[in-house]
Amino acid sequence: MKRIKIADVLSGSLVGDPIVVKGWVRAFRANRFIQLNDGSTIKNIQAVVDFENFDEHTLKRVTIGSAIAITGKLVESQGSGQALEIQVERIDIIGEAHPDDIQKTVMQPKRHSLEFLREQAHLRFRTNTFGAVFRIRHAVSYAIHKFFNDRGFYYLHTPIITGSDAEGAGEMFRVSTLDPKNPPLTDDGNVDYSQDFFGKQVNLTVSGQLEAELGALALGQVYTFGPTFRAENSNTSRHLAEFWMIEPEVAFNDLTDNMDLTEDFLRYIADYVLTNCEDDLAFLNEREQKEQQSKPKNERSELSLIERLEFVRDNAFKRITYTEAIDYLLRSRPYKKNQFKFDVQWGIDLQSEHERYLVEREFQSPVIITDYPASIKAFYMRQNDDGKTVAAMDVLFPGIGEIVGGSQREERLDVLKAKCADFDIPEEELWWYLDTRRFGTVPHAGFGLGFERMVMFATGMTNIRDVIPFPRTPQNAEF
RNA sequence: GCUUCUUUAGCUCAGUUGGUUAGAGCAUCUGACUGUUAAUCAGAGGGUCCCUGGUUCGAGCCCAGGAAGGAGCGCCA
């Protein structure tokens with residue numbers, strides 16, 4: 001008989017049928033009730049053993065964490081905790097798990113701290129929490145592809161190894177096949193990268209944006225969705241050295257079009273998760289509520305996980321300019337009471353405390369801040385007519401901070417070349433990028449979304465290391 | 001990179017002014033019970049008190065250095 005996934009057993013109408021399910025034992029209570037999970041859903045199926053008439057040796061091997069196949073009849077449950085259960089006719093042990101060993105792992109049947117679970121990232125998939133997180137991570141990933149595909153975007157694969165270091169997005173990891181102990185040297189004593197694999201110095205990508213622009217200026221609308229690397233020594237709950245980024249780029253879009261696209265996109269993902277991940281969301285929602293109860297009242301978030309997703313789905317984001325944001329901050333209570341650690345004045349880069357004030361206190365909703373001072377933004381952002389600001393936008397989410405950063409790109413060749421000079425970027429390095437401004441240049445815009453930050457928002461997890469299977473952070477590349 | 005907190009049983013933690021044999025809950029094992037839902041009841045086993053050095057008659061506790069982890073900040077997505 002072919003195995004049926006537990007998700008299909010629970011959603012189907014197979015009562016009375018003989019079935020086979022396979023999975024891992026989560027609990028075996030009273031020598032009678034086996035809770036089996038196969039990853040297809042957060043729910044377990046209960047299998048009821050008539051142990052008085054069953055081979056004792058086999059039952060002894062049904063331990064927590066072991067993999068078994070159950071053959072039996074699906075019936076309506078006599079107990080109150082579940083609608084359906086399996087009357088066991090036969091148990092086959094597929095893979096044993098010894099309790100003494102299991103006890104040392106995260107499969108030990110009790111609540112664990114997220115830190116302990118992180119130390120056993122290879123086994124944490126077996127827990128309810130991480131099962132839910134990674135099913136939702138998949139759903140978000142699929143929703144992103146579906147959103148763009150349904151709107152006629154093309155998925156563009158930009159390179160992971162790149163020779164361009166002009167993005168200015170951060171420190172990069174060098175890629176080389178040279179002997180680190182004895183590299184070839186040039187006459188002046190530097191490493192001679194002309195003898196390296198690519199004949200030049202190359203790095204892991206920090207952004208696919210510049211290449212995505214090249215695609216957009218022919219295909220019209222494209223997006224990238226791939227791994228991204230930053231060698232920054234960032235030790236926070238919001239940064240990874242290896243993360244996934246989504247970067248759409250659209251020809252003929254201006255900043256307002258860009259904001260509209262961003263809002264549609266974020267709302268779509270929120271809606272997709274709400275309608276397709278009900279069980280996992282309900283579990284994470286309850287988990288968060290329990291955790292909130294142990295916190296002091298002033299630290300609790302006002303909305304639950306599900307309410308936050310509904311809020312994003314149902315409400316327009318607040319849109320303000322950088323200049324307005326500064327005005328709000330200057331009129332704010334914490335500013336007047338001298339509670340900000342960093343000073344507020346036009347021209348500063350907004351600090352976390354400022355962004356948090358605007359999102360969590362002033363507006364209590366996602367906020368899009370636009371038109372930042374040119375001096376604190378990247379060279380490719382389009383200069384506004386005032387000469388001081390650029391057509392940039394940052395989307396700020398409560399609890400997460402900057403989730404999206406984007407801009408209208410500078411399409412005017414002369415302005416862009418002047419910007420390169422201002423930022424000390426040699427034109428020779430970006431000849432291919434500048435070429436697009438020579439041949440039928442058009443206004444265009446795009447944004448970058450940190451995938452893991454979106455998954456944090458969708459799951460309510462507060463540490464980014466808990467939404468990627470195997471996190472890469474400074475001093476940690478285990479598994 | 002900076003600030004700060006933490007490190008004691010498999011896990012989460014308590015451990016008094018420096019004093020004899022380091023505790024609890026959960027988990028595990030054994031037994032009892034058997035329609036359980038974090039099952040229940042009884043019993044048992046389980047310790048490099050993060051590491052190195054120092055002070056002291058005596059250190060889980062005090063001092064110095066180091067390591068690992070968390071939170072916050074900076075950089076950013």
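Every chain is numbered from 1, with letters handed out A, B, ... down the list of sequences.
Test A:R238, A:R137, A:H239 against A:E452 for side-chain hydrogen bond (donor to acceptor under 3.5 Å, both in side chains) and you get one pass: A:R137.
The phosphate of B:U12 has OP1 or OP2 within less than 4.0 Å of a side-chain N or O from A:S113. Contact annotation: A:N476 does not reach the phosphate of B:A68 (side-chain N/O to OP1 or OP2, under 4.0 Å). At the phosphate of B:C33, neither OP1 nor OP2 sits under 4.0 Å from any side-chain N or O atom of A:R32. Residue A:Q82 places no side-chain N or O under 4.0 Å from the OP1 or OP2 atom of B:U37. Checking the phosphate oxygens (OP1, OP2) of B:A39, a side-chain nitrogen or oxygen of A:R29 falls inside 4.0 Å. Side-chain nitrogen and oxygen atoms of A:N233 include at least one within less than 4.0 Å of the OP1 or OP2 phosphate oxygen of B:G1. Dashed line: the shortest gap from a side-chain N or O of A:T236 to OP1 or OP2 of B:C75 is not under 4.0 Å. For A:R356, a side-chain nitrogen or oxygen approaches OP1 or OP2 of B:C73 to under 4.0 Å. For B:G69, the OP1/OP2 oxygens have no side-chain nitrogen or oxygen of A:R465 closer than 4.0 Å.
Of the nucleotides present, none pairs with B:G47 by Watson-Crick or G-U wobble criteria with both distances under 3.5 Å. Judged by Watson-Crick or G-U wobble contacts below 3.5 Å, the nucleotide B:A38 has no partner. Partner assigned to B:C62 is B:G54, using Watson-Crick or G-U wobble distances below 3.5 angstrom. Across all strands shown, B:C2 is found opposite B:G72 as a Watson-Crick or G-U wobble partner, with both distances under 3.5 Å. Within the shown strands, nothing qualifies as a pairing partner of B:U17 under the Watson-Crick or G-U definition with both distances less than 3.5 Å. Here B:A67 sits opposite B:U7 as a Watson-Crick or G-U wobble pair (both hydrogen-bonding atom distances under 3.5 Å).
The minimum heavy-atom distance linking A:L358 with A:V367 is given by the pair O-CG2, 4.3 Å.
The A:F33 side chain lies nearest to B:G35 when the options are B:C76, B:G72, B:G35. Across B:A27, B:G74, B:U28, the shortest atom-to-atom separation from the side chain of A:D100 is found for B:U28. For A:F342, taking side-chain heavy atoms from C-beta onward, the closest of the listed nucleotides B:C76, B:G74, B:A71 is B:G74. Of the candidates B:U12, B:U36, B:U34, B:U12 carries the atom nearest the A:F116 side chain, counting heavy atoms from C-beta on. Of the candidates B:G35, B:C11, B:C76, the closest approach to any side-chain atom of A:R230 belongs to B:C76. For A:K110, taking side-chain heavy atoms from C-beta onward, the closest of the listed nucleotides B:U28, B:G25, B:C73 is B:G25.
Side chains of A:Y380 and A:Q209: a donor on one and an acceptor on the other come within 3.5 Å. At a cut-off of 3.5 Å, with distance as the only test, a side-chain donor of A:N44 or A:N37 sits close to an acceptor on the other residue. Side-chain atoms of A:T129 and A:R287 include a donor-acceptor pair closer than 3.5 Å. No side-chain donor-acceptor contact under 3.5 Å links A:E211 and A:T158.
Classified by interplanar angle (parallel below 30°, tilted 30° to 60°, perpendicular above 60°), the ring pair A:F225/A:W244 is perpendicular. Using bins of under 30°, 30° to 60° and over 60° for the plane-to-plane angle, the ring pair A:Y335/A:F340 lands in the tilted bin.
Figure legend: cation-pi geometry between A:R308 and A:F397 absent, as NZ or CZ is not positioned both under 6.0 Å from the six-membered ring centre and within 45° of its axis.
Within 4.0 Å of A:T228, counting heavy atoms only, lies no atom of the nucleic acid at all. Residue A:I403 is in sugar-phosphate contact alone, with no base atom involved, counting any heavy-atom pair closer than 4.0 Å across all strands shown. Looking at heavy-atom distances under 4.0 Å, A:Q108 makes contact with a base. Base contact: A:Q87 has a heavy atom under 4.0 Å from a base atom. Residue contacts shown for A:H239 include a base, since a base heavy atom lies under 4.0 Å away.
When rounded to the nearest whole Å, the span between CZ of A:R118 and C1' of B:A68 equals 14 Å. Protein atom CG of A:L36 is 19 Å distant from nucleotide atom P of B:U37, rounded to whole Å. Rounded to whole Å, the distance from NE2 on A:H112 to C1' on B:U28 is 12 Å. The CD-P distance, from A:E119 to B:U7, rounds to 15 Å in whole Å. In this entry the distance linking CG of A:N235 with P of B:U4 reads 16 Å, nearest Å. As rounded to whole Å, 16 Å separates atom C1' of B:A27 from atom CG of A:L123. What separates CD of A:Q120 from P of B:G69 is a distance of 15 Å, to the nearest Å. Atom NE2 in A:H98 sits about 15 Å away from atom P in B:U28, given to the nearest Å.
Toward the 5′ end of RNA chain B lies the nearest nucleotide of A:Q475, the other residue of the pair A:Q475 and A:M245 mapping further downstream. Both A:I376 and A:T105 lie near RNA chain B, and the one whose nearest nucleotide falls closer to the 5' end is A:T105.
Of the C1' atoms belonging to B:U56 and B:G60, the separation is 16 Å, rounded to the nearest Å. With P as the reference atom, B:G58 and B:U7 are 26 Å apart, rounded to whole Å. On the P atoms, B:G15 is 27 Å away from B:A68, given to the nearest whole Å. Separating the C1' atom of B:G45 from that of B:C29 is a span of 7 Å, rounded to the nearest Å.
Remark: the A:E115 side chain and the B:G70 base include no donor-acceptor N/O pair separated by less than 3.5 Å. One donor-acceptor pair, N or O on each side, does fall under 3.5 Å between the base of B:C75 and the side chain of A:S234. Residue A:E85 places a side-chain atom within donor-acceptor reach of the base of B:G35, judged by atom type and a 3.5 Å distance cut-off alone. At a cut-off of 3.5 angstrom, counting only N and O atoms as typed in the model, there is a donor on one side and an acceptor on the other between the side-chain of A:Q46 and the base of B:U36.
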